[in-house]
Amino acid sequence: MAQSSPSRRLTREASRLRTRADLLAAAKLLFVEKGFGATSLRDIAAQAGYTQGAFYSNFADKEALFIELMQSRASAQLGEVAQMLGDPALTQQAMLGALDAWSKRIDDEPEWAVLGIEFELQAGRSVALANASRALWSAHRDGFARCIELVFARLDLVPPEAPPMLAASFMALSHGLALQRPILGEVPAGQAIMVFLRGLIAAAKPVTRAKKSRG
C-alpha cells in the first residue's frame, strides 16, 4: 500500500492546524459578541467558513473548544512574560519598561477579560468547565508567581508577600475590573496591574548579603 509522502503529511497537518485556529478565532469572536450559551456549534463553524463536520473533527464539543481557547491564551500570556524576564541582557529599568509594554498589550485586548468572565459563569453550570477552570487558574497563578519571584530577584528585592498570594491578587484585580466595566467603564487592567506592581516594589526590602550568599 502506498504511503503518504512527508510533505503531504505536513501539508495535511498544517491544514488541520489552520482549521483548528480558524474555529478558535471564530468562537472567540462569537463568545464575546453573543455569549457562550447563545452561540451554537453551527454558528462557530459558519463564522469560520467550515462545516459542522470540520468542527467535530477538531473538538469534541463547544466546552472542549472553550477550554482550549482559554488555555492557549493563558499559556501565551505566561510564555511572553517568562521569555521577557529570562533575558539576561535586560537591565532592571529595561525590564520594567518591557513589563509596561506588556501591560499595554493587555489593555489593547479587553475582549479576553470578557471571555474570562464568561468562562467563569459557564464553569458554574458545567462540571467539565468547573474542573478545567480550577486547573487553569491554579496553573496561571503558579506561573505568574514564578514570574513575580523572578522580577523581585532581578531587582534584588524581597517580595512583601508570598509570590503565589501576590499572583492571586493580580488576577483578582484584573477580573474585578472586568466585572466592573458596566459600572466604571473601561478601566485599563494592565495599567492597574503595573501600578500595583510598582507599589509593591516600592514597599519591598532589599535582599541582604546573607540571603544572597545562601542563594
Side-chain angles (χ1 to χ4, degrees), residues 11-83 101-141 143-144 170-193:
T11 302
R12 186 178 300 164
E13 177 64 10
S15 177
R16 186 188 71 82
L17 292 174
R18 175 62 182 271
T19 300
R20 199 175 183 87
D22 289 343
L23 289 167
L24 287 166
K28 175 189 170 185
L29 177 67
L30 292 172
F31 290 166
V32 170
E33 289 184 349
K34 301 170 58 176
F36 178 84
T39 301
S40 68
L41 297 179
R42 188 188 301 274
D43 293 335
I44 296 170
Q47 177 71 29
Y50 299 107
T51 64
Q52 285 184 255
F55 181 99
Y56 283 116
S57 293
N58 287 276
F59 300 100
D61 51 34
K62 196 170 59 166
E63 290 185 350
L65 181 149
F66 202 4
I67 290 169
E68 179 163 328
L69 181 66
M70 298 306 293
Q71 286 176 336
S72 297
R73 168 61 176 177
S75 177
Q77 195 177 61
L78 276 176
E80 183 181 1
V81 178
Q83 182 177 15
W102 168 79
S103 73
K104 288 182 175 63
R105 288 194 291 276
I106 292 179
D107 292 335
D108 288 338
E109 299 178 313
E111 66 274 13
W112 284 108
V114 177
L115 285 169
I117 294 170
E118 185 72 17
F119 192 64
E120 290 305 300
L121 287 173
Q122 298 306 319
R125 305 179 181 121
S126 161
V127 173
L129 284 177
N131 291 336
S133 175
R134 281 192 294 271
L136 174 64
W137 298 128
S138 177
H140 207 51
R141 179 202 61 213
F144 267 118
F170 280 121
M171 292 167 63
L173 174 62
S174 179
H175 293 166
L177 288 174
L179 284 169
Q180 292 297 320
R181 284 181 67 194
I183 301 171
L184 301 177
E186 187 63 51
V187 179
Q191 181 180 339
I193 286 172

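Basis for what follows: all heavy atoms, side chains included, without hydrogens, waters or symmetry-related copies. Computed from a predicted structure; not experimentally measured.
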Spacing of [atom1] belonging to [X] relative to [atom2] belonging to [Y], to within rounding of 0.5 Å:
X	Y	atom1	atom2	answer
Glu33	Gln47	CD	CD	7.0 Å
Leu17	Asn58	CG	CG	9.0 Å
Ser75	Gln71	OG	CD	9.0 Å
Met70	Leu24	CE	CG	12.0 Å
Glu80	Ile106	CD	CD1	8.0 Å
Glu120	Arg125	CD	CZ	11.5 Å

With a 3.5 Å distance limit and no angle check, can you tell me whether [X] reaches the backbone of [Y] through a side-chain donor-acceptor pair?
X	Y	value
Asp107	Gly190	yes
Lys28	Trp112	no
Ser57	Gly53	yes
Ser133	Leu129	no
Glu118	Phe36	yes
Thr39	Gly35	yes

Considering non-hydrogen atoms only, spot the tightest contact between [X] and [Y] and give its length.
X	Y	result
Ala123	Ala130	O-CB, 3.3 Å
Ala128	Ile67	O-CD1, 4.2 Å
Asp61	Ala64	OD1-N, 2.8 Å
Leu23	Ala54	CD1-O, 4.0 Å
Ala189	Leu177	CA-CD1, 3.8 Å

>> When you compare the side chains of Gln191 and Ser103, does any donor N or O come within less than 3.5 Å of an acceptor on the partner?
In response: no

Would you say that [X] contacts [Y] through its side chain, given a criterion of any heavy-atom pair below 4.5 Å between the two side chains?
X	Y	result
Leu78	His140	yes
Gln122	Phe31	no
Ile44	Tyr50	no

> Should the pair Glu109-Arg73 be classified as a salt bridge under the 4.0 Å nitrogen-to-oxygen rule?
Replying inline: yes

> Is the closest basic N to carboxylate O distance between Asp22 and Arg18 below 4.0 Å?
Replying inline: yes

> Would you find more than 12 non-hydrogen atoms of other residues, nucleotides or ligands less than 6.0 Å from Arg42 atom CZ?
Replying inline: no

>> Under 6.0 Å between ring centres: does that hold for Phe119 and Phe66?
In response: yes

> Would the Phe144 and Phe170 ring centres measure less than 6.0 Å apart?
Replying inline: no

> Phe59 ring centre to Arg20 NZ or CZ under 6.0 Å, with the angle to the axis within 45°?
Replying inline: yes

